[in-house]
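Let me begin by handing over the structure; questions about it come next.
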Amino acid sequence: MLTCLRGGHVVDPVNGTDAIGDVFFEDGRIVARPQGRKPDAEFDASGHVVMAGAIDIHSHIAGGSVNTARLLLPEAHRAHKARPVETPLSTAGWSTFQTGRLYAQMGYTTVIEPAISPHHALHAHLELSDIPIIDKGFLTVLGNEDFVLSSLRDNESPNVIVDYIGATLEATRAIGVKCVNAGGVDAFKKNARAFSLDDVVPEYGLTSREIFQRLQRAVVQSGIRHPLHLHMNNLGLPGNVETALATIDASQGLPLHLAHVQFYAYGKEGKNGFSSAAAQFAEKINASPNVTVDVGQVMFADIVTISSDVMKQFNSLPGARPKKGVIFDGDGNGVGVVPYSYRVSDFFNAVQWAAGLELFLLTNDPMRVFFTTDHPNGAPFTTYPEVFALLMSADKRAQWLSRLPEDVVALTNLPSIKREYTIYEIATMTRAAPRKLYGFEDRGSLGAGSVADVAVYKNDERDRAGMFRNASYVFKDGELVVKDGAVTRYTRGKTLRVKPTYDSSINKRLDGYYDKLYGLPRGIFAVDDDALPAPEAFAEVPCRS
Amino acid sequence: MSNATLDGAPIALEDAYQHAARILACAKFPVVAGLGSDAAGVRAAILLAERLRGAYDHLACDDIFADLDVTRSFGMFVTTPNEARVRSDVVLLIGPGLTQHWPALFERLALDRPAYFNKDAPRKLIWLGPKRNEAKIEGIDIETLAATPQNLPFVLGALRARVGGRPINLDGATAKKVESCAQALKAARFGAVVWAAAALDGLTVEMLQGLVTELNATTRFTGTPIGARSGASGAVQVSGWMTGFPPRTGFGRGYPEHDPWRFDARRLVDSGEADAALWISAYDGEAPSWTREDLPLITLAPKGAGAKRGLYIEVGRPGETHDAVELAQETSSFVLRRATAPADTPSVADVIREIGARFSEDVPC
């Protein structure tokens, strides 16, 4: 069936398009304007903006950690609306089903969960399978387990880590590699309470710097297009911009993605010893073309922090809002889940909010700066429309600033920044840039051959938040799934994975290692087709050849 | 092949599916209870409960909530059996019957050997309140702190007090023992508490997590919980991502509401609030604990557990007659269990699918 979206403002940065035009798709793919054929279905897109479906590069949407947060906070997600007939559990607060519905309604069609421990991969896939409509994938968390640390300590060939990454991604069916507080999570098991870039992991004699650098090289060598996705040391601490700057200096000119950098944009100035260092950080990002970042914007809301940085999460427990949390020392890596509430009246929270916006506004390349709230750590993904609106309007920011504590306003550059994001820049950071970051060839673009994931928004200059909250139409693989801001039916999306080539002789060694260490067959942790509700629903993201 | 009975008399499987669909579709507020199944069975059961606007409960919920209520009101330190095995230099076992709840406990945690990452020092084992003759592992000393199930919470409280440096009021010998155990816990590098929710109540679990929290002020300590029976831990996880809540959740208003009292299946049935029940116990055919006998009842249980009353449909045992995804105690993660004795007996998910396919809008009630 040939479908035409007629006369919309087509914004497609991958192809440099920013003009009124038509978009055609057929059999789930975008096609060039067909000659001599009348479309079978036509949608009037005049007065609307037409973009590829948005891609969220870092959002905690599934897996044991997110589920722990759900179970920890029954008070946080009561449902209040009966579900529509065709979409079971779509109003169940914070369920996988609701996650798919809410993302789709905002025109998001691909979302990457950033932190799955390898031994919990099956759990994550079971949850992803229950997220309707959108495509998804996850990053496997590596770098604090004994196999990696002892291999680095013993100065084995770098190929060992490359092969280990290949074997682990195959077993877990992941889309890339993340490392969290490199070495710090292991050090916490040995009772370290602070861990910085040049601190040494006890018993391994390795610094965090060495671990992340060698993982960074291994990821490059593996051919996976997504660079090492790094959660740096010292998250959330005053003065941690120094760690961030030093990490960029240590990045060897190789691709490196720094996650939720707002949480590292802090200086020590002012009477509270806490200030925004976003300007300094942004300058460094601008000058470092090998580095990409996502922001992790804070918004004023009740949230829960979900992080594999177990040390940081443990240290956050005394400040939990409400005061409870789960600290999980997992196999190699782990997770901490600690609820929190960002308050507009709180000095520290207000600085965080301002620092995030400063980073957005002072960095100059939307191809390297990604739109995230580190959902749900900085804010729920449902606040994205408000964040878009803030980026697109200096007036709106001024209104928000007027509600902030005065001493915060004095400590931020935000009032003086007049930059306003254009629709084109928004499309770049949520479509074109994620396409490049993950090496997608089939999405993030409206070019012929791309999957027909398309979002159509009513162009509303006065209410950008409303515009992005309720897409007029969303098509997933060419099927209409959202109309006038409401999901009309569920479809099953795909789970995206990579399959880097590696020397499979590592598998024998790993089998022996698991037997010796855990007394278990390694296969018990692998994700098998027979364990999956829909083993056919996977799609491969290519590696560099 | 499956077999089905109605009030003990055999009926054709097709008739059983039709009859089950009629019972459930005609009910005003059915409860899907037991929920003893693998991930696919639990998932199907919850979707069914939602479609029926009924409620769902797990047969081990009382045990589940001993841990979960502590998590959601206080918090929890936990680790995996793997980490406890390779890292824990001190293991504090709490309560009687641990090896009944987890027969592989000693072997899986390799308690008779030093931890892999702690090769030089033997593991120190302390057991608070074991059953008589239970605290015995070949070739290793276990220090026991005697306690009956009744006074265990008090001894545990004393232990926590001494870890925190607070005074206790116990007789000389017991106080001395508590003191030495407290010092051993504080001297741990990476200690682990092992307990079974089925053997403790919520306040005791909170006390032991309070102990762990205090130990973490100066060293590292964590917990290794032993999950409840009949796939309870997996059911909690599946329920968590599907509705946001653990079992004891109802859909009467068209959206999930969680209330451990309101949606307790035993209470719903005995009070008459529920007017039909689907009872699922695929692991061992455990019978429901409610007392009312006039309720329209469908039982899904394995061979040999046939219900004398109501409709019974035989299902296979997860991981035995069919492959099953379960939350494994030995890894605290979801794993695939290959069928050990494959048979074509339908699984819980299969049967629910068959019943669901026979709902029609014009069922004669």
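First the proteins, then the strands, lettered A, B, ... as listed; each starts at 1.
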### Side chain / backbone / both / neither for Leu327(B) at chain A, heavy atoms under 4.5 Å
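Contact with chain A involves no heavy atom of Leu327(B) at all.
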### Message
Looking at Arg337(B) and Glu330(B), is there a salt bridge between them, counting it only when a charged N and a carboxylate O are closer than 4.0 Å?
### Response
yes
### Task
Mind ranking Gly75(B), Pro256(B), Gly244(B) by heavy-atom pairs under 4.5 Å with chain A and telling me who comes out on top?
Gly244(B)
### Message
Is Asp528(A) in contact with chain B via its backbone, its side chain, both, or neither, using a 4.5 Å heavy-atom distance?
### Response
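For Asp528(A), side-chain heavy atoms alone lie under 4.5 Å from chain B.
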### Message
Taking side chain as everything from C-beta outward and backbone as N, CA, C, O, which of these in Val86(B) sits under 4.5 Å from a heavy atom of chain A? Side chain, backbone, both or neither.
### Response
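Contact with chain A is through the side chain of Val86(B) alone.
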### Query
Would Arg43(B) and Asp130(A) pass as an ion pair if we require N to O under 4.0 Å?
yes
### Ion pair check, Arg220(B) and Asp329(A), cut-off under 4.0 Å
yes
### Closest-packed option against chain A by number of heavy-atom pairs under 4.5 Å, given Ala39(B), Ala324(B), Ser332(B), Gly254(B)
Gly254(B)
### Message
Can you tell me which of Thr222(B), Val325(B), Thr219(B) forms the most heavy-atom pairs within a distance under 4.5 Å of chain A?
### Response
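If we count pairs closer than 4.5 Å to chain A, Thr219(B) comes out on top.
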### Message
Is it true that Asn216(B) and Thr213(B) share a donor-acceptor pair across their side chains at a distance under 3.5 Å?
### Response
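No, Asn216(B) and Thr213(B) have no side-chain donor paired with an acceptor closer than 3.5 Å.
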### Query
Can you say whether Asp323(B) sits under 4.5 Å from chain A via the side chain, the backbone, both, or neither, judging by heavy atoms?
side chain
#### Entry: Phe245(B) portion near chain A, given a 4.5 angstrom heavy-atom threshold
both
#### Entry: Residue part contacting chain B, namely of Leu126(A), when any heavy atom lies under 4.5 Å
both
### Task
Verify the distance criterion only: is there a donor paired with an acceptor across the side chains of Thr243(B) and Tyr56(B) at less than 3.5 Å?
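Yes - a donor-acceptor pair under 3.5 Å links their side chains.
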### Message
At a 4.5 Å cut-off on heavy atoms, which part of Val78(B) comes close to chain A: side chain, backbone, both, or neither?
### Response
both
### Query
Between Thr91(A), Leu71(A), Val338(A), which residue shows the highest count of heavy-atom pairs closer than 4.5 Å to chain B?
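Heavy-atom pairs under 4.5 Å are most numerous for Leu71(A).
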### Query
Without hydrogens or angle criteria, can the side chains of Asn67(A) and Arg70(A) be said to hold a donor-acceptor pair below 3.5 Å?
yes
### Query
Can the ring centroids of Phe381(A) and Tyr103(A) be said to lie less than 6.0 angstrom from one another?
yes
### Query
So which of Asp146(A), Ile131(A), Leu73(A) has the largest heavy-atom pair count under 4.5 angstrom toward chain B?
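Most heavy-atom pairs under 4.5 Å with chain B: Asp146(A).
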### Message
Between Asp186(A) and Lys189(A), does the salt bridge (Lys or Arg N to Asp or Glu O under 4.0 Å) criterion hold? Intermediate values first, please.
### Response
CA-CA 5 Å; Asp186(A) 186 81; Lys189(A) 286 178 179 161; 5.5 Å; no
### Query
With respect to chain B, which residue among Tyr518(A), Phe328(A), Trp94(A), Phe188(A) yields the maximal number of heavy-atom pairs within a distance under 4.5 Å?
Tyr518(A)
### Message
Does either side chain, that of Ser333(B) or that of Thr331(B), offer a donor lying less than 3.5 Å from an acceptor on the other one?
### Response
yes
### Query
When only pairs under 4.5 Å are counted, which of Lys516(A), His119(A), Arg193(A) shares the most heavy-atom pairs with chain B?
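Most pairs with chain B among the choices: Arg193(A).
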### Message
Which one wins on heavy-atom pair count under 4.5 Å against chain B: Leu122(A), Leu89(A), Leu72(A), Val326(A)?
### Response
Leu89(A)
#### Entry: Largest heavy-atom contact set with chain A, pairs under 4.5 Å, which of Gln209(B), Arg253(B), Gln237(B)
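The option with the most such pairs is Gln237(B).
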### Query
Side chain, backbone, both or neither: which part of Phe525(A) has an atom under 4.5 Å from a heavy atom of chain B?
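Interface part for Phe525(A): side chain.
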### Task
Measure distances from Gln98(A) to the heavy atoms of chain B and classify the residue's part below 4.5 Å as side chain, backbone, both or neither.
neither
### Query
Who wins among Glu50(B), Arg87(B), Arg85(B), His258(B) for the most heavy-atom pairs under 4.5 Å with chain A?
Glu50(B)
### Message
With no hydrogens and no angle check, just 3.5 Å: does a side-chain donor-acceptor pair link Thr80(B) and Asp331(A)?
### Response
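Present: a donor and an acceptor within the cut-off.
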### Query
When only pairs under 4.5 Å are counted, which of Gly240(B), Pro81(B), Ala328(B) shares the most heavy-atom pairs with chain A?
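Most pairs with chain A among the choices: Gly240(B).
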### Task
Check whether the ring centres of Phe138(A) and His120(A) lie less than 6.0 Å apart, and answer yes or no.
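Between His120(A) and Phe138(A), which both carry aromatic rings, the centre distance is not below 6.0 Å.
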### Message
Is the ring pair Trp241(B)/Phe334(B) parallel, tilted or perpendicular, if the boundaries are 30 and 60 degrees?
### Response
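Plane angle over 60°, so perpendicular.
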